[in-house]
Protein chains: 2
Amino acid sequence: MTDYLRKEVKNKLINGDYSCAKEFTLSMFSGKWKIVILYHLGIDGIYRFGELKRLLPQASNKMLTKQLREMEADGIISRTIYPEIPVRVDYSITDLGQSLIPIIVAMYEWGEERLKSMKQDVKFSINEEAIK
Amino acid sequence: MTDYLRKEVKNKLINGDYSCAKEFTLSMFSGKWKIVILYHLGIDGIYRFGELKRLLPQASNKMLTKQLREMEADGIISRTIYPEIPVRVDYSITDLGQSLIPIIVAMYEWGEERLKSMKQDVKFSINEEAIK
DNA sequence: CGGAATCCATAAAGATACTG
DNA sequence: CAGTATCTTTATGGATTCCG
């Protein structure tokens, strides 16, 4: 629903409907790979395109590029081109992006807690029906 | 990417890969309508199916039901059936779901701030290319 | 009332090949 | 190196009809 979410948020912005603040925030990091990329850029610092590819081997060029471009357009990461040969491109988080990190950390902590209690709960078993 | 996210999280859980805590949290509320439903149940209290439909006129039966079932399976909302005729079904947030509300509130606040500063920024204009 | 089942259009993601 | 372009496959969401 990621792309849908971005389109909806865009439409709501155009119509002056700013009542969707939480969806707007959600749209910042709810794309495929976005939250992971943002977290890494926020914690580790600068990454080059190829480094991100190695970090996320499952991500295709197309998807990775798309996510990076969208996050750049949203102002939460920045892209720097060094016109060397071969060309080099650095990605880093912006101040705006950094301001999202506390939320992502809170999500990380909530997830850790939840997974811990699920493991401890003997009654918990992975139910295909329930999760699917 | 919502369904993809749930599938991935499921696979990672099955494989014991619990390193994806933030994605796991994200998968709790990143479905279509989920964050809105959760927020309303968290703030307003109990809703019936029909009330949620009226709250979200754009949501189809299928989608609304799907989101509700998934959130129920995740343990963040609960569903109570009253075998009256016609049948009545109540939805409410669980304690676990309530524990997500602070994160959603933080997202709401971030979004409000961001939208405010975007409005104040004279240079900001809605750029079709940038958002699409 | 609160859904379930089905069909269908569209959109999103993967694979592959190619380029400045 | 850091992407684009294109094609194909798959997933997702909408509309409609029906049911206990």
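The basis for the numbers below is simple: all heavy atoms, side chains too, and nothing from hydrogens, waters or symmetry mates. To find a chain, count down the sequence lines: A is the first, B the second, and so on, and within it residues start at 1.
Within residues 43-62 of chain B, the residues having any heavy atom under 4.0 Å from DNA chain D are, by residue number, B:K62.
If you check every strand for non-hydrogen atoms under 4.0 Å, A:Y91 touches sugar and phosphate atoms only. Within 4.0 Å of B:V87, counting heavy atoms only, lies at least one base atom of the nucleic acid.
Pairs passing the salt bridge (charged side-chain N to carboxylate O under 4.0 Å, His left out) check and including a residue from residues 76-94 of chain A, sequence neighbours excluded, read A:E84-A:R88, A:R88-A:D90.
D:dA2 atom C1' lies 13 Å from atom CZ of A:R88, rounded to whole Å. When the C1' atom of C:dG20 is taken as reference, atom CD of A:E84 falls 15 Å away, rounded to whole Å. To the nearest angstrom, C1' of D:dT12 lies 11 Å from CD of B:Q67. Rounded to whole Å, the distance from CG on B:L5 to P on D:dT12 is 10 Å. Residue B:D90 contributes atom CG, which lies 14 Å from atom P of C:dC1 at whole-angstrom precision. Taking atom OH on B:Y4 and atom C1' on C:dA12, their separation rounds to 12 Å, with Å as the unit. A straight line from CD of A:E8 to P of D:dG13 spans 12 Å, rounded to a whole angstrom. Distance CZ (B:R69) to C1' (C:dG3): 7 Å, rounded to an integer number of Å.
The salt bridge (Lys or Arg N to Asp or Glu O under 4.0 Å) test applied to A:R48 returns no partner, not counting sequence neighbours. Applying the side-chain hydrogen bond (donor to acceptor under 3.5 Å, both in side chains) criterion to B:S92, with sequence neighbours excluded, gives B:S78. Under the side-chain hydrogen bond (donor to acceptor under 3.5 Å, both in side chains) criterion, A:S99 pairs with B:W110, sequence neighbours left out. In this structure B:K62 satisfies the side-chain hydrogen bond (donor to acceptor under 3.5 Å, both in side chains) test with no other residue, sequence neighbours excluded.
Considering only side-chain N and O atoms, A:K66 lies nowhere under 4.0 angstrom from the phosphate OP1 or OP2 of C:dA11. For the pair A:R79 and D:dA2, the criterion of a side-chain N or O lying under 4.0 Å from OP1 or OP2 is not met.
Here the shortest heavy-atom pairing between B:G42 and B:I101 reads CA-CD1, 4.1 Å.
Using a cut-off of 4.0 Å between Lys/Arg side-chain N and Asp/Glu carboxylate O, B:E113 and B:K116 are scored as salt-bridged.
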